[in-house]
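Data block below; observations after.
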Amino acid sequence: LFLTRVGASAWESMKETYLFKHVTAGDIDAISRSRLLAPASYLVGSVATFLLLKIIPLPQLFTILALLILASVLISRRLLDTR
């Protein structure tokens, strides 16, 4: 559990760093949206998990989760360094 919190805090700081590399003083709406989307994603994720557990049996959810993680790894390999 400690490592997940370390990863989450690292992600949060990297997200903020990336955001502020690309916004200007006039982009206050983009900053506001970015800060509102993180808490909203917790709510959406919880509701989606509840609904999926009602529809799909637990063993199949592990397979679906593995496929989603594999897809995210393949997509993240295409990210470019912004230095």
Side-chain angles (χ1 to χ4, degrees):
L1 288 174
F2 176 72
L3 289 177
T4 60
R5 294 294 92 205
V6 169
S9 63
W11 173 81
E12 186 73 28
S13 64
M14 287 187 280
K15 178 184 74 100
E16 290 286 323
T17 302
Y18 184 80
L19 175 69
F20 285 111
K21 279 184 181 180
H22 295 286
V23 295
T24 62
D27 294 329
I28 194 70
D29 291 335
I31 296 169
S32 297
R33 276 193 304 269
S34 173
R35 295 224 169 116
L36 286 173
L37 283 178
S41 68
Y42 296 140
L43 179 64
V44 170
S46 299
V47 170
T49 302
F50 174 76
L51 293 174
L52 284 175
L53 283 173
K54 290 289 185 186
I55 297 170
I56 302 171
L58 194 58
Q60 280 79 21
L61 278 180
F62 283 112
T63 305
I64 293 169
L65 179 62
L67 292 173
L68 285 172
I69 291 172
L70 179 63
S72 67
V73 167
L74 294 175
I75 290 169
S76 68
R77 290 183 52 114
R78 297 187 316 178
L79 292 175
L80 300 174
D81 191 5
T82 60
R83 284 190 242 176

inquiry  = With a 3.5 Å distance limit and no angle check, can you tell me whether Ser34 reaches the backbone of Ile31 through a side-chain donor-acceptor pair?
reply    = no
inquiry  = Working to the nearest 0.5 angstrom, can you tell me the gap between Lys54 NZ and Thr49 OG1?
reply    = 13.0 Å
task = Is it possible for you to say whether Leu19 and Leu37 belong to one hydrophobic cluster, with membership spreading through side-chain heavy-atom contacts below 4.5 Å?
result = no
remark   = Heavy-atom closest pair (Ile69 atom, Ser72 atom, distance to 0.1 Å) is O-OG, 2.7 Å
Approximate separation, where rounding is to 0.5 Å, of Ile28 CD1 and Ser32 OG = 5.0 Å
task = Inspect the contact between Glu12 and Arg5 and indicate whether a charged nitrogen and a carboxylate oxygen are less than 4.0 angstrom apart.
result = no
Leu68-Leu53 co-clustered via ILVMFWY side chain contacts under 4.5 Å = yes
query = Which atoms form the tightest heavy-atom contact between Thr17 and Ser13, and what is the distance?
reply = OG1-O, 2.8 Å
query = Which value, rounded to the nearest 0.5 Å, describes the distance between Ile75 atom CD1 and Leu70 atom CG?
reply = 10.0 Å
message = Working to the nearest 0.5 angstrom, can you tell me the gap between Arg33 CZ and Asp27 CG?
response = 9.0 Å
message = Test of understanding: clusters of I, L, V, M, F, W, Y form through side-chain heavy atoms closer than 4.5 Å, transitively. Do Val73 and Leu79 belong to the same one?
response = no
inquiry  = Can you tell me how far apart CG (Leu67) and CZ (Phe62) are? Round to the nearest 0.5 Å.
reply    = 13.5 Å
ask   = Going only through I, L, V, M, F, W and Y residues with side-chain contacts under 4.5 Å, is there a path from Ile64 to Leu58?
value = yes
request  = Answer yes or no: does atom OH of Tyr18 have more than 12 heavy-atom neighbours from other residues, nucleotides or ligands under 6.0 Å?
outcome  = no
